[in-house]
Amino acid sequence: MVRAITLLLLISLHSLQAFADNTVVVQTKGSGSSITVQQVGSGNVTGVYCGLGSFDSTLVNTHNCDNATIGVSVDGSSNIAYAQSVWSNHDSQVWSITVNGNDNYAVIDMDQDDNSSTIIQTGNDNDALILGSGNNNVYKIEQTGDDMYAKFQTFADNSDIWSTQEGTGNHNVYVFNANQADNNSTRVIQKGSGNKDADIFWYNDADNGQVVLTQQGNGSHSANMKFYTDDYNVNVIQKGVNNQAYSVTFDCVSNCTKTISITQQ
């Protein structure tokens with residue numbers, strides 16, 4: 001089994017499939033890689049590392065993962081999927097993790113410029129995390145089911161953060177944007193029954209940002225925002241029959257342009 005996997009990793013197009021209680025680790029470098037991993041069953045762990053800088057410090061200045069396409073598919077429960085690149089020489093990548101099942105955890109750690117990362121989860125009690133740095137990137141998490149959590153932690157300019165949560169149970173989104181991360185947009189949509197909570201924090205001079213937050217359906221609606229930035233536009237819509245709460249801290253230390261719209265219905 002190990003020999004077969006090792007041989008397969010030497011091919012330019014990597015495609016692996018794992019069933020219950022398996023661990024698959026793909027470590028590769030080079031421009032134009034295409035990697036596909038599928039988990040079927042429960043208790044599987046997948047790790048895809050493009051660039052190898054995490055494994056050998058001597059490769060940090062020489063690794064490359066430009067123009068890579070990495071896709072992980074999960075079908076089952078209690079699985080972990082993790083995909084990562086390492087800083088430098090990692091432009092124009094496409095990362096995706098697709099999950100069908102319950103109690104799954106998905107992570108994408110993406111660096112450098114002109115990249116996109118997408119996590120799609122269908123099922124109950126799923127968690128997703130995207131970490132990113134660089135410029136001109138797109139980060140997406142789409143979740144459907146009961147009880148879901150999405151977290152974004154970015155240090156990027158000219159980038160878009162999208163989160164969609166729809167279904168029952170608790171809907172939770174956390175967005176952290178810092179380190180002079182300018183000209184970014186954050187769009188969060190939470191729909192369905194159950195409580196909805198969105199925390200959006202911009203720190204360290206993250207200027208010219210835009211936020212559009214929509215919370216709709218039964219259950220309580222809560223939004224907490226902290227902006228330690230200059231210019232920004234904020235639009236919050238909360239619709240439903242239960243309690244709605246909006247808390248915000250805007251800290252601007254110089255001449256600022258702000259547009260703030262809050263609708264509670």
Side-chain angles (χ1 to χ4, degrees), residues 25-29 33 35 37 45-55 57 59-60 63-72 74 79-99 104-121 126-143 148-165 172-188 198-206 209 211 225-226 228-229:
V25 177
V26 179
Q27 305 176 22
T28 187
K29 67 175 181 177
S33 297
I35 303 169
V37 179
V45 177
T46 290
V48 179
Y49 305 90
C50 191
L52 293 185
S54 304
F55 295 91
S57 60
L59 298 176
V60 168
H63 61 230
N64 186 298
C65 190
D66 289 340
N67 301 301
T69 300
I70 293 94
V72 177
V74 176
N79 295 298
I80 298 173
Y82 185 77
Q84 178 190 10
S85 66
V86 185
W87 182 258
S88 79
N89 303 319
H90 293 273
D91 295 330
S92 303
Q93 303 167 336
V94 178
W95 301 79
S96 66
I97 298 177
T98 302
V99 177
N104 293 295
Y105 182 52
V107 179
I108 296 177
D109 186 349
M110 182 182 71
D111 295 315
Q112 287 289 301
D113 304 333
D114 303 307
N115 301 308
S116 69
S117 57
T118 303
I119 297 176
I120 300 174
Q121 294 178 316
N126 289 315
D127 293 350
L129 167 64
I130 294 180
L131 304 173
S133 58
N135 302 320
N136 305 306
N137 295 317
V138 176
Y139 313 96
K140 295 182 181 180
I141 298 178
E142 301 177 9
Q143 297 170 306
M148 57 207 79
Y149 178 75
K151 181 177 181 179
F152 301 85
Q153 189 164 350
T154 69
F155 307 89
D157 294 330
N158 304 307
S159 298
D160 296 319
I161 297 171
W162 300 348
S163 177
T164 302
Q165 296 180 322
N172 293 284
V173 173
Y174 177 89
V175 177
F176 178 91
N177 201 10
N179 287 8
Q180 297 182 338
D182 299 331
N183 305 310
N184 294 316
S185 69
T186 298
R187 284 172 279 184
V188 176
D199 299 294
I200 302 174
F201 302 145
W202 290 353
Y203 287 101
N204 294 357
D205 200 30
V211 173
M225 299 184 186
K226 295 182 179 179
Y228 296 90
T229 69

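The basis for the numbers below is simple: all heavy atoms, side chains too, and nothing from hydrogens, waters or symmetry mates.
Atom OG1 of Thr164 sits about 9.5 Å away from atom CZ of Arg187, to the nearest 0.5 Å. In this structure, CE in Met148 is found 9.5 Å from OG in Ser163, a value given to the nearest 0.5 Å. With rounding to the nearest 0.5 Å, the separation of CG in Leu131 from OG in Ser117 is 9.5 Å. Taking CD1 of Ile70 as the reference point, atom CD1 of Ile35 lies at 5.0 Å (rounded to 0.5 Å). A distance of 6.0 Å separates CD of Gln153 from CZ of Phe176, quoted to the nearest 0.5 Å.
Contact annotation: the side chain of Asn177 never approaches that of Thr186 to less than 4.5 Å [non-hydrogen atoms, C-beta and beyond]. By the 4.5 Å heavy-atom criterion applied to side chains, Ile141 and Phe152 are counted as neighbours. Annotation: side chain of Val37 is in contact with side chain of Val26 (closest heavy-atom distance under 4.5 Å).
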Task: side chain to side chain donor-acceptor pair (under 3.5 Å) assessment of Ser185 paired with Asp160 - done: CA-CA 5 Å; Ser185 69; Asp160 296 319; 2.5 Å; yes
Task: Residue pair Tyr82, Tyr105: steps toward the ring-ring contact (aromatic ring centres under 6.0 Å, His included) verdict - done: CA-CA 8 Å; Tyr82 185 77; Tyr105 182 52; 8.5 Å; no
- [ ] Please step through side chain to side chain contact (heavy atoms under 4.5 Å, CB included) for the pair Met225 and Val211, ending with a clear verdict.
- [x] CA-CA 10 Å; Met225 299 184 186; Val211 173; 3.8 Å; yes
Open item on the list: Apply side chain to side chain contact (heavy atoms under 4.5 Å, CB included) to residues Val25 and Tyr49 and explain how you reach the verdict.
Closed with: CA-CA 8 Å; Val25 177; Tyr49 305 90; 4.0 Å; yes
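Minimum heavy-atom separation, Asn184 to Ser159: OD1-N, 2.6 Å. Tyr139 and Ser133 get closest at one heavy-atom pair: OH-N, 3.8 Å. In this structure, Ile119 and Ile130 approach most closely via the heavy-atom pair CD1-CG1, 3.7 Å.
For the side-chain contact (heavy atoms from CB on, under 4.5 Å) with Gln93, the qualifying choice from Asn137, Ile108, Asn115 is Asn115, the only one to do so.
Taking the six-membered ring for Trp and the full ring otherwise, Phe201 and Tyr174 have centroids separated by under 6.0 Å.
Side-chain atoms of Asn79 do not come within 3.5 Å of backbone N or O of Asn104 as any donor-acceptor pair. Counting only distance, with no hydrogens or angles, the side chain of Gln165 and the backbone of Asn172 share a donor-acceptor pair below 3.5 Å.
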